[in-house]
Amino acid sequence: MEDIFKSLNPEQLKAVTAPDGPILVLAGAGSGKTRVLTTRIAHLIKQREVPPWQILSMTFTNKAAGEMRGRVAKLTGENKGLWVGTFHSIFAKLLRMEAQQVGLYVNFGIYDSDDQVRLIKSIMETLRVPVTQYAPKSIASVISKCKNGLIPPNQFMKSASTPFEEIAGKIYSAYENQLRLNQVFDFDDLITVPIQIFEKYPEILAKYQERFQYVHVDEYQDTNIAQYTLVRMLAEVHQNLYVVGDDDQSIYGWRGADIRNILDFEKDFPNTQIFRLEQNYRSTKTILKAASSVVVHNSGRKGKTLWTDGADGEKIELIETMDEREEASRIVEKTRDEVFKHKRTFKDFAILYRTSAQSRAIEDALRRGGMSYVIVGGVRFYERKEIKDALAYLKLIANPMDTVSLKRIINFPARGIGDVSLTHVQNYAAEQGKSIFDSLADVKQIPELTERAGTAIHTFNKMIVKYQQLIDEISPNELVHTLMDECGLLHNLKEDSTSEGQSRLENIREFLSAIKEYVEESDSPTLAGFLEGVALVSDVDTWNDKTNAITLMTLHSAKGLEFPVIFIPGMEENLFPISRALESPEQIEEERRLFYVGLTRAEQKVYLLYTNRRNTYGSESYRLPSRFIDEIDSSVIERKKSRSTTTSSSLPSSFTRPRISSQKIYADAHPDYEAFSQESTLLRKGLMVTHALFGRGQITSVEGSGKKMKVTVQFQNGSVKKFIAQYAQFDIG
DNA sequence: CGGATTTAACTTTTT
DNA sequence: GTTAAATCCG
């Protein structure tokens with residue numbers, strides 16, 4: 001166990017040891033925010049002798065929660081009963097504990113955004129609203145905004161002023177009914193339903209108010225009205241609410257986060273003690289100056305000035321390029337420079353972009369350069385089609401009322417139950433007031449069904465019922481393995497010999513091992529437990545900083561992380577700030593805060609890149625540099641002219657020039673071998689080369705020539721690798 | 001009904 | 001340039 005106050009600065013110490021009551025810690029980027037929060041909790045347990053089970057601490061990501069749990073445990077040792085988790089997981093747990101008492105279904109399922117949209121679509125069908133008229137997605141976002149703002153369907157319908165809002169209100173109302181009938185909650189429900197329960201059953205609220213005498217919230221600037229309400233309810237009696245946040249890092253307004261929660265904290269909680277953490281331990285003076293010169297353009301800030309004892313550091317480098325391919329290869333080139341000049345390794349770098357679509361060009365360049373990278377985000381594992389299919393089987397077995405899952409898989413893989421047959425069953429279900437699943441058992445009562453469809457439905461029903469009975473008999477692991485086999489999903493993918501099919505099969509296998517892992521690690525593994533875990537994980541949660549690879553992710557997922565070197569490509573108007581944010585000054589300010597978050601991820605060096613021309617799905621567009629670039633204090637930014645700046649090594653400049661390497665790739669599409677074949681002759685047996693990933697080595701053999709030329713290299717670390725000369729990138733020497 | 005082929009829609013960010 | 005939905009054909 002460590003001395004819990006070890007190396008805290010005076011402000012941090014004051015914040016940690018503050019007396020009871022509402023406390024707001026305004027903590028700038030890199031100022032030791034998580035440290036203060038974890039030390040505070042340890043202080044309560046060790047020095048104020050608060051029992052751990054009276055302490056609740058909420059974060060927004062599982063990763064942050066895990067980190068906090070680990071750090072507190074390190075400081076306190078045993079701390080049984082301490083509740084640390086994401087808002088969603090904590091209240092999902094609470095709902096499971098209280099569901100029965102308030103007449104809700106205990107084994108409720110959780111709908112993610114994809115399930116949500118499917119449900120909305122099917123509601124639109126029954127309401128005869130064409131999906132071409134209003135996008136189900138935009139309806140979903142309206143509904144989510146309502147829920148986050150605690151506006152129930154009837155209230156929303158009353159205030160509806162446009163045809164769109166009227167329809168959305170009707171759908172919202174039907175959507176809520178359907179969720180209850182399906183015995184599921186969506187993400188927003190995990191926050192709003194506990195509020196409803198607390199309002200309706202004061203004795204339940206009182207129980208938790210008594211239990212959680214100390215409530216903590218991390219990243220408080222990201223809370224929405226619903227989360228705020230819930231936190232306020234819990235902390236109302238004891239007033240021991242400890243929140244940590246940074247208004248300059250509020251980047252989730254689009255998800256309902258209300259920046260007023262942090263700006264008005266003092267008003268909402270009288271006698272609030274405020275602490276400001278302004279000493280930054282992460283970045284250079286230069287980076288902090290750049291970040292603060294950007295964010296001062298925002299109005300309505302709490303106002304804070306970050307400072308550091310650290311070095312001035314290098315200037316921010318601004319790089320202009322021709323197109324996104326050059327942009328990507330400049331990143332590769334700069335990475336290589338950094339590796340050589342500053343002895344960095346791949347895990348020191350992160351490339352942060354505004355939209356996931358930007359990753360493609362960069363990935364291509366990194367692969368070409370032989371640099372290992374990991375992507376965080378994009379299509380999340382549990383959102384892949386094949387995984388969602390597999391999950392739908394499990395969800396249906398765990399909860400037969402889940403019609404969205406039922407519809408998803410009743411005919412996948414194809415088993416002869418088409419739209420027509422399903423509609424007959426649905427009509428029957430509606431007439432009888434039964435659920436769709438229960439109606440499956442009544443095929444004989446539905447005369448419209450053909451014999452073939454009837455048999456198929458019967459078989460399907462029997463299979464699901466069988467597994468429902470097996471739930472408590474065999475382990476989830478065993479159940480899923482047999483099920484995947486029997487339902488035909490595995491078979492279906494094994495037949496598919498395309499590379500896409502193979503990768504889907506791989507994903508299913510990974511999914512199976514995830515279940516196995518869950519069963520092995522959990523004390524009391526259940527199917528419902530597994531499904532809940534799956535619904536509430538994000539990608540950043542699984543990112544690990546031990547792998548030696550360059551990290552690629554969106555600026556949003558980067559919050560809370562830090563890297564020695566940061567690249568931010570796509571510094572262009574309409575991309576960053578993104579075009580849709582141009583509508584209102586508030587949204588521009590949020591984009592600016594996002595830029596601030598990006599800059600402050602860096603410890604030592606920031607590269608900003610923009611391009612004059614960019615391909616966005618198909619067509620080309622010409623671009624202007626982002627307004628944010630001009631907002632950076634000119635004393636800390638260095639504009640590098642395109643090209644001519646390459647000074648990476650003493651070898652013929654053509655060899656590392658990215659332009660050449662993109663031409664090489666072009667060579668595939670538009671044969672023009674001259675350029676590279678000349679270069680490739682530079683590679684010969686006995687030559688010493690350096691590869692960004694494998695280090696120094698000697699070429700031991702050269703086979704073929706031109707496009708097909710291959711070289712074998714014996715590296716000093718002992719490994720021997722063979723490269724296609726065209727794609728490999730070496731420095732000579 | 002199922003599978004194959006064509007078409008359209010898409011890109012903001014996520015628990 | 002990808003993926004889901006719509007359409008067509010056997």
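Computed from heavy atoms alone, side chains included, the values below leave out hydrogens, waters and symmetry copies. This structure is a prediction, so every number in the text was calculated from the model and none was measured. A note on names: the letters A, B, ... follow the listed sequences, proteins ahead of strands, and every chain is numbered from 1.
- Taking only side-chain nitrogens and oxygens, A/K121 comes nearer than 4.0 Å to OP1 or OP2 of C/dA5.
- Taking 4.0 angstrom as the limit, A/S113 places none of its side-chain polar atoms (N or O) nearer than this to OP1 or OP2 of B/dT14.
- Going from atom CG of A/N411 over to atom C1' of B/dG2 covers 9 Å, rounded to whole Å.
- The side chain of A/S356 places an N or O atom within less than 4.0 Å of a non-bridging phosphate oxygen (OP1 or OP2) of B/dT13.
- Atom CD in A/E386 sits about 10 Å away from atom P in C/dA4, given to the nearest Å.
- Residue A/S557 places no side-chain N or O under 4.0 Å from the OP1 or OP2 atom of B/dT13.
- Without hydrogens or angle criteria, A/D115 side chain to A/D112 main chain gives a donor-acceptor distance under 3.5 Å.
- Across B/dT15, B/dT14, B/dC1, the shortest atom-to-atom separation from the side chain of A/T61 is found for B/dT15.
- Between A/K137 and B/dC10, a side-chain N or O to OP1/OP2 separation shorter than 4.0 Å is absent.
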Using atom names, set out every protein N or O paired with an N or O of nucleotides 6-10 of chain C below 3.5 Å, distance rounded to 0.1 Å.
none

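- Look at A/F87 and the base of B/dT15; the rings do not stack under the cut-offs of 5.5 Å between centres and 30° between planes.
- Residue contacts for A/F187: at a heavy-atom cut-off of 4.0 Å it reaches a base atom on one of the strands shown.
- In this entry the distance linking CG of A/L594 with P of B/dT13 reads 11 Å, nearest Å.
- In this structure, A/D112 reaches neither bases nor backbone, as no heavy-atom distance under 4.0 Å exists between it and the strands shown.
- A/R623 and A/S621 share a donor-acceptor pair across their side chains, judged by distance under 3.5 Å alone.
- Atom CE of A/M68 is separated from atom NE2 of A/H216 by 9.0 Å, given to the nearest 0.5 angstrom.
- Counting only heavy atoms from C-beta on, A/W254 has its side chain closest to B/dT14 among B/dT15, B/dG2, B/dT14.
- Within 4.0 Å (heavy atoms only), A/L555 reaches no atom of the nucleic acid at all.
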Between protein and nucleic acid, restricted to nucleotides 3-8 of chain B and to nitrogen or oxygen atoms under 3.5 Å apart, what atom pairs and distances do you find?
none

Tell me, with the steps shown, if A/E363 and A/R360 meet salt bridge (Lys or Arg N to Asp or Glu O under 4.0 Å).
-> CA-CA 5 Å; A/E363 280 185 78; A/R360 174 171 296 121; over 6 Å; no
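- B/dT15 atom C1' lies 16 Å from atom NZ of A/K63, rounded to whole Å.
- For residues 116-127 of chain A, the salt bridge (charged side-chain N to carboxylate O under 4.0 Å, His left out) pairs, not counting sequence neighbours, are A/D114-A/R118.
- Note that A/K385 lies in the cation-pi zone of A/F412, set by a 6.0 Å cut-off to the ring centre and a 45° limit from the axis.
- Residue contacts shown for A/S421 are limited to sugar-phosphate atoms, with no base heavy atom under 4.0 Å away.
- For B/dT15, the OP1/OP2 oxygens have no side-chain nitrogen or oxygen of A/N62 closer than 4.0 Å.
- Checked by atom type and distance alone, the side chain of A/R415 never pairs as donor or acceptor with a backbone atom of A/A456 at under 3.5 Å.
- Side-chain atoms of A/S359 and A/S356 include no donor-acceptor pair closer than 3.5 Å.
- Between the side chains of A/Y105 and A/N399, no donor-acceptor pair is found at a separation under 3.5 Å.
- The side chain of A/H88 sits closest to B/dT15 out of B/dT15, B/dT11, C/dG1.
- Remark: the A/R255 side chain and the B/dT13 base include no donor-acceptor N/O pair separated by less than 3.5 Å.
- Using modelled atom types and a 3.5 Å distance limit, the side chains of A/Q221 and A/E219 yield a donor-acceptor pair.
- Heavy atoms of A/R593 sit nowhere under 4.0 angstrom from any nucleic acid atom.
- The distance between atom NZ of A/K385 and atom C1' of C/dT3, rounded to the nearest whole Å, is 11 Å.
- Taking for each of A/I578 and A/A453 the nucleotide of DNA chain B with the nearest heavy atom, the 5'-most of the two is the partner of A/A453.
- Look at CD on A/Q358: it is 19 Å from P on B/dC10, rounded to the nearest Å.
- When each of C/dG1, B/dT15, B/dT14 is scored by its nearest atom to the side-chain atoms of A/R360, the top-ranked nucleotide is C/dG1.
- Between the side chains of A/D186 and A/Y175, at least one donor N or O sits under 3.5 Å from an acceptor N or O.
- B/dT14 atom P lies 11 Å from atom CE of A/M553, rounded to whole Å.
- Going from atom CG of A/D186 over to atom P of B/dT14 covers 18 Å, rounded to whole Å.
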